[in-house]
Every structure is written in structure tokens, then in C-alpha cells.
Amino acid sequence: MAATKALLMLENFIDGKFLPCSSYIDSYDPSTGEVYCRVPNSGKDEIEAAVKAAREAFPGWSSRSPQERSRVLNQVADLLEQSLEEFAQAESKDQGKTLALARTMDIPRSVQNFRFFASSILHHTSECTQMDHLGCMHYTVRTPVGVAGLISPWNLPLYLLTWKIAPAMAAGNTVIAKPSELTSVTAWMLCKLLNKAGVPPGVVNIVFGAGPRVGEALVSHPEVPLISFTGSQPTAERITQLSAPYCKKLSLELGGKNPAIVFEDANLDECVPATVRSSFANQGEICLCTSRIFVQKSIYSEFLKRFVEATREWKVGIPSDPLASMGALISKAHLEKVRSYVKKALAEGAQIRCGEGVDKLSLPARNQAGYFMLPTVITDIKDESCCMTEEIFGPVMCVVPFDSEEEVIERANSVKYGLAATVWSGNVGRVHRVAKKLQAGLVWTNCWLIRELNLPFGGMKSSGIGREGAKDSYDFFTEIKTITIKH
């Protein structure tokens, strides 16, 4: 048994080589609360080395044809798919999510990200116009930007890292990626596959560590002209400040406070299970998770009864338990933050219908110190409450009634975020009408999290800047140039 207790030691991946670091950060297993891994505590020196490697690799990689780059991306996808089980096990242990979710969502989607951009890069076209009376022809070309700085979060570690690396590489950029220091293991494992897949040294560099040290060094580096970030709004503000002197290209995806609107003609047999999933999937730690549920008054009691019953059936268990619907939250600090919202709701006079402080959580002895929490449903809460306006990013759901369509649109739009929304109704006219009026970058009707990667992904207001997807990612990771030829 002693061998299994040895700490996993990660190393930075720079210029195609694994390099040790002078200091390390402890990383915890969320299901036990024990340190199980050590992550490099990188800083300016490591970023300098990565920038040098990425700049040297750029001329060769950017001059390859889209077909050649596509072949390399497909090779990465194939190798990742062959190692799916190993990656799923690692992602579940590192993040706390259920092994079932890592197997069916995180790792398959990471494979798909490489395949999708390997394909889409082959199908972009440029524009051309004629000015015959002046004897001129104009056309556009797109060229890669250079060294791309990519910063990904801890909730969907490999899924969101590859959603950035794949389009950046496909467009001909070289990459310096910084995964979250809380969930670095699958990024480190990916590095091993990059060499095998024929990715040239320096094309992808992965530097591990904390945001204030290594993140700031990356974002403020004058030779990194582009930053793609998924994470919190305060961090995005800091990135914007550091990038401003260099006029860097920024893509910022910053989470949401996503409403679900349930009209009286909704099919509750479909709506209730889908909304439980949209509320509590991945412990509620997905930027697209539902965070507020507005239910039309005439069906409010019926919906609430069924929603609470279905929530109670969601089993919280150790990540490897095949019957578990939810695993552990990411960290002790995050668990305490999420719990604090429940305490605030109680102090404001709200009711806790199930979950935290109401139902008992049973866990094996070795997982008692893990970061687990029951899915929690809150009612009798005002729209002005922090539980209704701030991103909790955990398994806490507020359910409130509404009267009219106009009223619920106004209430749904009253927060600073605008990432996603769901609408449940059998009325086609209403669905179109409400979807158009909601201030959200994505609106699902009578479903949730069905993604079409060709189309734009991103939010309005404080949910971020820019969009990601086939065309949008290509536009972001390239510079456009107009060329005029007089003949």
C-alpha cells in the first residue's frame, strides 16, 4: 500500500520537455481532503522559457498547411481516445466529479474538441470583391496571431483546456497554457501525448501554478499578444488591466446566474428531471448550470414538490460510486463559500426545502473529510438576495414563483450576468418571443446543454467578452488583413 501513498509530482512542459520547478503547491483529493499531488509553483522564469520556446516554434508551425496541422490534431485526438479510461479516472480523482461524468462528458468532449477543430480549420473561406471601374480587386487573408496565452478553470479541466488549445493550434498559433493549480493532472498527462502525436517542441507549452504568480507573468508578457481566459469576473478584471498597455486580444468567459423559466404549459415529466440535472450536474460547478428557477404561480406547488423529490433522489457519493449523481466540491474553501450562501438565505428568512442542514449526508469513513454537500433547494427568497444575484457555483438552487411573461423576463434579466437561460413551455410563439428578450448568449428551450460547436458560445454583460465556436474561435485566433491588387 505504501507505493500508492507516494505523492504525484507534476512538471512543467516547455519546448517538448518536462522540467522540474524550484517550488511546488499542494493539490488535494476533494473526496478525502488529503494532499495527493504536488503542482509546480511557476513564475516569471518559467514563462520566459515558455515564451522563448513558443516564439521559436511559431514560424515552422504557422507555415504548415491547415491539412498538416489538422492531421496532428487528429493524432492527438486518437491518442487521447485510446487513453480515455486513464484520463477519466485521473479527472475524477483530481476534480471530485463522478467517474461516470468524466467518462461520458469530460474526456469524450476533450477528444471531440481536437477532432472538431481539426475538421473546421479545413473549411474556412476568405472574401473577395472587385472594383472593375478602378481596375482593383480586394481580398482578405487570415494569419495566426502568434503566441496564445490560454488560462483554463478547475470545473471542467481538460474539457475547457482543449477547447482553447485545439483552435489555437489549428489556426497556426503556438501556445502557453496555464491550467488551474487545483486541477492540473490531466493537462500534465496530455503533454505526454503531444510528443507522441508529433506536435513539434514549443508549439504547446504548459506551465503550472497559481494565478497571481504565473498567470500574471503570462498575461503581462509583451510577447503574448492574445489571452483566452475562462474563470471568475475579478480575475478577468485583473487580466484586462494587465493587458491594457499592450492592446492584447482578449476572450473572457466569466460564468453566469442562469435562469430557468417554467411556464404553466411546460411538460413537467421532462422539465423536472432535466432541471435537476441542469442545477446539480458536476456539483453545480458548470458555468452553464441553472442557478435560479422561476415557476409560473399556477404550477409552482406541483413543480416544487416534484423538484424537491427528484433532488432528494440525487445521490451524493464518492466519485467512483457508479450510483452517485454528484461527487465532491473542488476545495474546502469553495465548500465553505457555497455553504455560506445557505446560511445567508436562512438569515434572510428563506426556507431550505432539502439538502444542507435538513437531510443527512452519509459517506464512507475515509471520505468524512472530503468536500461533499447535498444538493440544496431554497424557497421564499427575494430577488435582491445575494443567493439570487451572485454566482454560487455549487449545488444550491433558488425556486421562486412568477405571474406574467413580461414580469419574469424583467426579473430574469435583472442580474449583472448574461450567459445562459432555459425556457420550458409548449407554446412555440412564446418560446421564440421569450428567448429573444432574454439577455443571455445561449438560450435552451425544453432542453439543456445540447451544444452545437459550430455556433457561437459566450455571454453578454458581465458574463464575458467574445464568443467561441468554429468561426468565432478562428476569428479570435487569427488576424484579418485586406489586400488590394491593382491590375
Side-chain angles (χ1 to χ4, degrees), residues 13-17 47-77 79 113-128 139-152 161-178 187 190-191 193-207 218-219 221-229 243 246-251 466-483 485:
F13 184 71
I14 298 171
D15 203 19
K17 297 183 284 289
I47 290 297
E48 282 298 340
V51 169
K52 181 175 182 289
R55 280 173 60 82
E56 286 174 2
F58 179 73
W61 182 249
S62 59
S63 63
R64 288 198 184 190
S65 70
Q67 287 77 8
E68 288 177 287
R69 295 197 296 262
S70 174
R71 268 198 297 277
V72 173
L73 262 68
N74 275 319
Q75 186 64 25
V76 176
L79 290 170
N113 287 338
F114 281 108
R115 291 226 170 102
F116 177 79
F117 287 107
S119 169
S120 72
I121 195 64
L122 304 176
H123 303 292
H124 297 288
T125 55
S126 58
E127 298 166 285
C128 178
Y139 64 95
T140 59
V141 292
R142 282 196 169 271
T143 53
V145 178
V147 179
L150 312 177
I151 302 174
S152 56
L161 179 68
T162 56
W163 179 236
K164 297 179 187 301
I165 287 179
M169 286 176 71
N173 301 281
T174 54
V175 164
I176 302 170
K178 189 208 92 69
L190 178 68
C191 298
L193 302 187
L194 297 176
N195 283 342
K196 259 194 217 173
V199 177
V203 170
V204 177
N205 307 276
I206 299 189
V207 182
L218 175 60
V219 167
H221 199 290
E223 290 166 338
V224 180
L226 170 154
I227 302 291
S228 175
F229 168 76
S243 301
Y246 307 101
C247 292
K248 297 190 181 206
K249 285 186 91 169
L250 294 181
S251 172
R467 295 291 186 271
E468 297 170 301
K471 183 177 184 301
D472 296 272
S473 294
Y474 181 64
D475 289 354
F476 177 68
F477 285 112
T478 55
E479 292 284 14
I480 193 164
K481 182 184 298 186
T482 300
I483 298 171
I485 307 289

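Note that the structure is a prediction, hence the values are computed from the model and not measured.
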Practice item. Step by step, work out the side-chain contact (heavy atoms from CB on, under 4.5 Å) result for Val199 and Val76. Key: CA-CA 8 Å; Val199 177; Val76 176; 4.0 Å; yes

**Study point:** Check against side-chain contact (heavy atoms from CB on, under 4.5 Å), Val224 and Tyr246
**Key:** CA-CA 9 Å; Val224 180; Tyr246 307 101; over 6 Å; no

Exercise for review: Kindly indicate, with the supporting measurements, whether the criterion side-chain contact (heavy atoms from CB on, under 4.5 Å) is fulfilled by Leu226 and Lys248.
Suggested key: CA-CA 5 Å; Leu226 170 154; Lys248 297 190 181 206; over 6 Å; no

Point to revise | Residues Lys196, Gln75; criterion side-chain contact (heavy atoms from CB on, under 4.5 Å); working and verdict | key: CA-CA 9 Å; Lys196 259 194 217 173; Gln75 186 64 25; over 6 Å; no

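For Phe476, the ring-ring contact (aromatic ring centres under 6.0 Å, His included) criterion is met by no residue, not counting sequence neighbours. In this structure, His123 has no ring-ring contact (aromatic ring centres under 6.0 Å, His included) partners at least two apart in sequence or on a different chain.
Of the inter-residue distances, the one linking Thr162 atom OG1 with Met169 atom CE reads 11.5 Å to the nearest 0.5 angstrom. Distance CG/Leu190 to CZ/Phe114: 5.0 Å, rounded to 0.5 Å. Atoms CG and CG, from Leu79 and Asn74 in turn, are 11.0 Å apart once rounded to the nearest 0.5 Å. With values rounded to the nearest 0.5 angstrom, Ile151 atom CD1 is found 11.5 Å from Ser251 atom OG. Put simply, CZ on Phe477 and CD on Glu468 are 7.0 Å apart, with the number rounded to the nearest 0.5 Å. A distance of 10.0 Å separates CD1 in Ile165 from CG in Asn113, rounded to the nearest 0.5 Å.
Counting non-hydrogen atoms of other residues, nucleotides and ligands closer than 6.0 Å to CD of Glu127 gives a total of 12 or fewer.
Looking only at distances, no side-chain donor or acceptor of Asn173 sits under 3.5 Å from a matching main-chain atom of Pro144. Using modelled atom types, one side-chain atom of Ser63 and one backbone atom of Gly60 make a donor-acceptor pair closer than 3.5 Å. Judged by distance alone, the side chain of Asp15 and the main-chain N or O of Ala53 form no donor-acceptor pair under 3.5 Å. One N or O on the side chain of Lys249 and one on the backbone of Thr478 form a donor-acceptor pair closer than 3.5 Å.
Counting all heavy atoms, side chain and backbone alike, Ala57 lies closest to Pro201 at CB-O, 3.5 Å. For the residue pair Leu250 and Ser243, the shortest heavy atom distance occurs at CD2-OG, 3.6 Å. Between Lys164 and Ser228, the closest heavy-atom pair is NZ-OG, 2.9 Å. Here the closest heavy-atom approach between residue Gly146 and residue Phe58 is recorded as CA-CE1, 3.5 Å. The heavy-atom pair separating Ala50 from Asn205 by the smallest distance is O-ND2, 3.8 Å. Taking all atoms of both residues into account, the shortest heavy-atom contact from Val219 to Ile227 is CA-CD1, 3.9 Å.
Taking the side chain as every heavy atom from C-beta outward, Tyr139 and Ser126 never approach each other to under 4.5 Å. Residues Val72 and Arg64 form a side-chain contact, since some pair of their non-hydrogen atoms from C-beta on lies under 4.5 Å apart. In this structure the side chain of Asn195 never reaches within 4.5 angstrom of the side chain of Lys17, judged on heavy atoms. Between Lys178 and Val207 the shortest side-chain heavy-atom distance does not fall below 4.5 Å.
Between His124 and Tyr474, the two ring planes are parallel [angle under 30°; tilted spans 30° to 60°].
Pairs engaging residues 51-60 under the salt bridge (charged side-chain N to carboxylate O under 4.0 Å, His left out) rule: Lys52-Glu56, Arg55-Glu223 [sequence neighbours left out].
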